Amino acid sequence: LEEDDMGTSSIHIVYQEDPQLENLSQNSCTPAEVSRAKLCSQLKPRNYQLELALPAMKGKNTIICAPTGCGKTFVSLLICEHHLKTFPQGQKGKVVFFANHVPVYEQQKSVFSEYFERLGYSVAGIAGATVENVPVQQIVENNDIIVLTPQILVNNLKDGTIPSLSVFTLMIFDECHNTCKQHPYNKIMFYYLDQKLGGSSDPLPQVVGMTASVGVGDAKNTDEAVEYICKLCASLDASVIATVKENLEELQEIVYTPQKISRRVESRTTNGFKRIISQLMRETESLAKDVFEELENLSQIQNREFGTQKYEQWIVEVHKACRTFQLPDKDEESRICKALYLYTSHLRKYNDALIISEHAQMKDALNYLNNFFKDVRAAGFDETEQDLTRRFEGKVQELETISMDPSNENPKLKDLYLILQEEYHVNPETKTILFVKTRALVDAIKKWIEENSKLSFLKPGILTGRGKTSQTTGMTLPAQKCVLDAFRSNGDHNILIATSVADEGIDIAQCNLVILYEYVGNVIKMIQTRGRGRAKGSKCLLLTSNADVIEKENINMYKEKMMNESILRLQTCDEAKFKKKLLSIQTGEKIIRDNQQNFKPKLDKQNKKLLCAKCKALACYTSEIRMVKDSHYTVVGETFKKCFVTRPHPRPKSCGDFDKIGKIFCARQDCSHDWGIRAKVNAFEIPLIKIQSFVVEDTVTGKQMCPSKWKDFNFEKIPFNPEELSE
Ligand SMILES: [Zn+2]
């Protein structure tokens with residue numbers, strides 16, 4: 001289901017390398033030329049690859065930490081081959097390799113198949129998409145090497161299909177820094193550690209993890225960073241961290257680290273656009289205060305400014321608080337709630353527009369608002385909306401004049417323009433990836449390039465994440481692949497404007513210019529972004545008007561430094577001592593885990609009301625809600641059918657569990673709040689509702705609350721039974 005309009009958008013970021021893009025061996029051909037046949041027969045490891053593989057070949061549980069692009073896949077092949085060959089006649093090893101995402105899984109599976117099948121080992125794989133009806137146990141039994149997405153193993157351990165991890169002799173975790181919290185990697189390691197600490201005599205597999213960066217979490221000094229890394233080692237039961245030390249020069253020749261340059265640019269000195277929009281925002285805020293005096297007390301966030309992320313957070317909090325606002329007079333309550341809903345929605349759009357005008361052109365921001373008001377007019381368009389639209393329209397002419405005035409050009413874009421000019425002048429074959437913060441900015445920057453005749457040498461393409469954000473759904477995998485193919489084959493595009501897509505395991509072709517346009521991430525992200533610019537002479541430019549952004553980037557660099565120092569410190573630690581420390585961490589963590597398991601949230605069987613979050617109309621009772629395929633929710637019963645209307649879905653598609661065929665909305669004409677979708681599940685067409693669109697009210701106390709996720713909402717979750725529909 002799509003995220004609620006007002007929900008905060010967060011993208012879960014996972015990192016991985018593309019094995020086919022790596023420099024697999026000494027052979028000096030480009031990765032594209034490394035045909036499968038060559039990969040099988042002519043590979044000779046580089047010295048640093050042997051150095052990285054050595055501790056694992058000695059049978060030690062190891063975390064291998066080496067930069068993106070150095071050929072870690074090949075290191076894992078070496079370890080795996082050595083492991084399988086060390087077994088004496090009559091005994092056999094069994095290796096499992098985990099890949100986090102399907103595209104990575106596919107690449108790894110084919111690399112492993114090509115490499116090992118010539119040696120007489122059998123390789124099989126199971127990924128998320130193929131898992132139903134696959135006899136997992138049999139596949140594990142019959143093959144020497146199994147490539148898996150980790151959730152599959154978690155499921156099979158849970159239901160007992162695979163009785164214990166002892167069936168494996170070696171487990172390799174790709175992008176092992178993900179082994180934390182509730183990530184499937186960590187769940188697998190919980191089974192491992194339970195077995196280790198539970199004193200079972202069954203042998204446990206050797207564990208090898210691979211990563212470009214172990215990370216340091218929130219560490220503020222080297223001591224805390226050491227603690228963080230120790231915890232990761234404990235999670236993977238790894239007593240060795242392998243990094244390149246003896247062959248650093250050789251490594252640095254292979255993995256070129258692009259120079260990272262931060263450039264501070266000036267923002268506009270006068271900003272008529274901001275002045276007018278801010279005035280409209282002040283007016284809207286004061287209208288909201290007229291209907292509800294307590295508005296200021298709804299959020300703890302102080303000193304908010306228009307056009308900032310902080311304002312966005314404030315508006316989300318206020319909006320949420322408004323939803324549970326109650327009065328004895330229900331009609332009055334409905335009226336006030338709806339007005340507040342509209343005011344906060346408008347304020348949010350204005351804030352978005354200010355952010356767009358800050359980083360792109362004013363006319364893009366104006367366009368964004370014009371489109372919003374067009375939608376408003378097409379929907380309910382009640383009195384409040386008409387009033388707000390009139391106020392906006394009163395300013396449109398002035399906004400248009402300002403945004404067309406050349407003296408209001410964004411100096412930041414001018415700087416971007418100069419950089420692009422220079423880079424493509426020096427090297428017309430330059431390939432650029434330009435990272436920006438939001439999806440709306442991707443569109444705005446692309447338009448700016450296309451409309452600028454002096455940038456006609458640029459052929460921009462768009463690449464956005466598969467993740468859903470607050471306003472749009474992401475690109476599909478085939479669409480992403482299509483864009484990337486064109487980019488790689490020197491065809492349609494020579495610059496890609498991207499959001500955080502690069503983090504989804506998509507193989508980004510070699511590019512020699514990475515521009516981070518007001519874009520900051522954590523330390524893992526920084527190392528990975530660097531890996532993108534693999535071609536020699538590549539550059540990474542951070543372009544920002546914000547001193548804080550440069551400061552954050554410096555903090556990231558400092559974190560990287562702490563990480564390297566901490567690893568060095570741990571490597572000089574006595575191994576027996578280190579193992580003892582790991583054991584005490586593991587024991588402590590297990591106690592916490594076991595205690596949490598005993599604590600199960602109490603299911604509240606009492607029937608509750610679900611009200612429309614916008615107009616507060618009664619939608620249904622929790623007793624009418626049924627759970628579909630464990631994570632989706634529908635409503636049975638005749639009364640609910642009258643509460644919503646269905647419209648065809650703008651992007652009908654299959655989502656694995658179901659086909660989206662329509663969207664459903666609150667049936668109240670002046671409300672039309674987005675409630676969820678109409679979906680085809682097996683043979684049944686049913687509504688699937690999203691909990692963020694509703695307010696939950698206790699039928700006894702009248703207390704209201706706003707769960708943002710179904711899993712946070714405790715009620716008796718009854719599985720969907722199609723027979724109920726025909727009753
Ligand atoms: Zn409604």
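The shown structure was predicted, so the numbers you read here are calculated from the model rather than taken from an experiment. Order of listing sets the numbers, starting from 1, for every ligand and every atom in it.
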I would like to know whether Phe640 and Phe644 meet ring-ring contact (aromatic ring centres under 6.0 Å, His included); could you show each step before the answer?
CA-CA 7 Å; Phe640 183 66; Phe644 70 88; 5.0 Å; yes
Working note: His346 + Phe392, criterion ring-ring contact (aromatic ring centres under 6.0 Å, His included); need CA distance, chi angles, decisive distance, verdict.
CA-CA 10 Å; His346 279 67; Phe392 173 71; 9.1 Å; no
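In terms of modelled atom types and a separation under 3.5 Å, the side chain of Gln386 and the main chain of Phe381 share a donor-acceptor contact. Looking at Lys614, its side chain does come within 3.5 Å of a backbone N or O of Cys671 through a donor-acceptor pair.
Remark: Arg626 fails to qualify as a cation-pi partner of Tyr633 under the 6.0 Å distance and 45° angle criteria applied to the six-membered ring.
Around the Zn ion (ligand 1), protein atoms of type N, O or S found under 2.8 Å number 4.
More than 12 heavy-atom neighbours from other residues, nucleotides or ligands sit within 6.0 angstrom of NZ on Lys289.
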